[in-house]
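Here the structure comes first, spelled out in structure tokens, and everything after it is commentary.
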Amino acid sequence: MDAVSAEHTKLYFYENRLQTYSGWPFEEDCICTPENMAKAGFIHTPTENSPDVAQCFFCYKELEGWEPEDDPVKEHKSHSPACNFILLEKSVNELTVEELLKLQKERQKYLIKKTCNQVIEKFEEAAKKRRGDIVKKAIDIAQCQISTYTYSSISLPPHLWEPTYKSIKSPDCVTSKGF
Ligand SMILES: [Zn+2]
């Protein structure tokens, strides 16, 4: 993979970041205009419900809930203080190839970290759902046993309640219907 190919480095350039802004809600009479957002390293990454999501192309920090008076540079520094791009002291056009390569290496680290976090989040979500399913099933079984016990208590003579309540199913019990 060529780390400094045009494709991999295109977002280092202001014009390319600016082109991502379509339908950005803050165009006039505000500080977080597309121009200022792009200068601060942000690209526009809207979702269906959040038209104002912006992400730093370098550290992949996503920010939303922008207010017209928010300063993109200040917001970037406060939410991602270690971002190498926002701390850059010269323009991208002045960087040497070696400096660009070093930067690109740091950017890759951010990307790996973000990808790992996404995998962990997905795993945790799946585990949470699975735990919920197990608890729900346990509750269903417990309720089923209670209702079976009640049913058998009503329909059988008292001397048969205890030994048979586990084997007789209530008509309302979901497990007796093949669920
Ligand atoms: Zn950043």
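Along the sequence shown, residues are numbered consecutively beginning with 1. On a predicted model such as this, the values are computed, not experimentally measured, just so you know. Atoms within each ligand, like the ligands themselves, are counted from 1 in listed order.
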Notebook entry, point to check: Parallel under 30°, tilted from 30 to 60°, perpendicular over 60°: which one fits the rings of Trp66 and Trp24?
Noted result: perpendicular

Item checked: Any Tyr12 side-chain heavy atom under 4.5 Å of Leu100 side chain -> yes

Checklist line | Within-4.5 Å side-chain heavy-atom neighbours: Gln143 and Ile139 | finding: yes

Item checked: Test log, rule side chain to side chain donor-acceptor pair (under 3.5 Å), inputs Ser50 and Glu64 -> CA-CA 8 Å; Ser50 306; Glu64 63 177 313; 3.0 Å; yes

Notebook entry, point to check: At their closest point, which heavy atom of Ile43 faces which heavy atom of Arg17, and how far apart are they?
Noted result: CG2-CG, 3.7 Å

Notebook entry, point to check: Can Tyr21 and Glu27 be counted as having a side-chain donor-acceptor contact under 3.5 angstrom?
Noted result: no

Next item on the list: Enumerate the protein N/O/S atoms at a distance below 2.8 Å from the Zn ion (ligand 1), ignoring waters.
Entry: Cys56 SG, Cys59 SG, His76 NE2, Cys83 SG

